[in-house]
Amino acid sequence: MNQQYTTRLAARMALAWCEKHPAWMRLCDIDNIARYYVQWHELGEKEKHLWGSETAYNEFGIKKPKVKTGFVTDEGRFIDDNCRVPYGHSAMVVKVGVEAARVLRSEQYAEEGDENPLAVL
């Protein structure tokens, strides 16, 4: 039997997983995700020289995360290595810390006027 995995199912599983692990958040729930990745001004001189310009780095660079990342599969399983994510599964989460996650969630849901921040989807 060939099971179909959907992004909606992965998003729900990731949300449930993040509820149990409050230091983690889904990428789709963070407005400015760039702050969790190495930016041009944070590169060393050698790396800047290799890229040549900020434009080239922003366009073609694979930015390294500054925080721990992982994936929650459609089955609700956490995988910390993106090379081991089974084909067709997806839902990336990042570890931002309990306090940062609390602040990000309160800001996001205050804008939306939602009472329950975990009642998404």
Determine whether Trp17 and Arg26 satisfy the following criterion, side chain to side chain contact (heavy atoms under 4.5 Å, CB included), listing intermediate values before the conclusion. CA-CA 10 Å; Trp17 191 86; Arg26 300 180 305 172; over 6 Å; no
Any chance you could measure Leu27, atom CG, to Thr69, atom OG1, to the nearest 0.5 Å?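 Output value for this atom pair is 8.5 Å.
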Please table the atom pairs, donor to acceptor, closer than 3.5 Å between any side-chain atom in residues 46-63 and protein atoms at least two apart or in another chain.
unit_1, atom_1, unit_2, atom_2, d
Ser53, OG, Ala56, N, 3.2
Tyr57, OH, Val38, O, 2.8
Asn58, ND2, Glu54, O, 3.4

Please check: side-chain N/O of Arg77 versus main-chain N/O of Val72, any donor-acceptor pairing under 3.5 Å?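 No, because the side chain of Arg77 does not come within donor-acceptor range (under 3.5 Å) of the backbone of Val72.
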Using a 4.5 Å cut-off between side-chain heavy atoms of Ile, Leu, Val, Met, Phe, Trp and Tyr, which other residues end up in the same hydrophobic cluster as Val98? none
Can you list every side chain to side chain donor-acceptor pair (under 3.5 Å) pair that touches residues 35-44, not counting sequence neighbours? Glu42-Lys66
Close side-chain approach of Phe71 and Phe78, heavy atoms under 4.5 Å: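 A side-chain contact under 4.5 Å is absent here.
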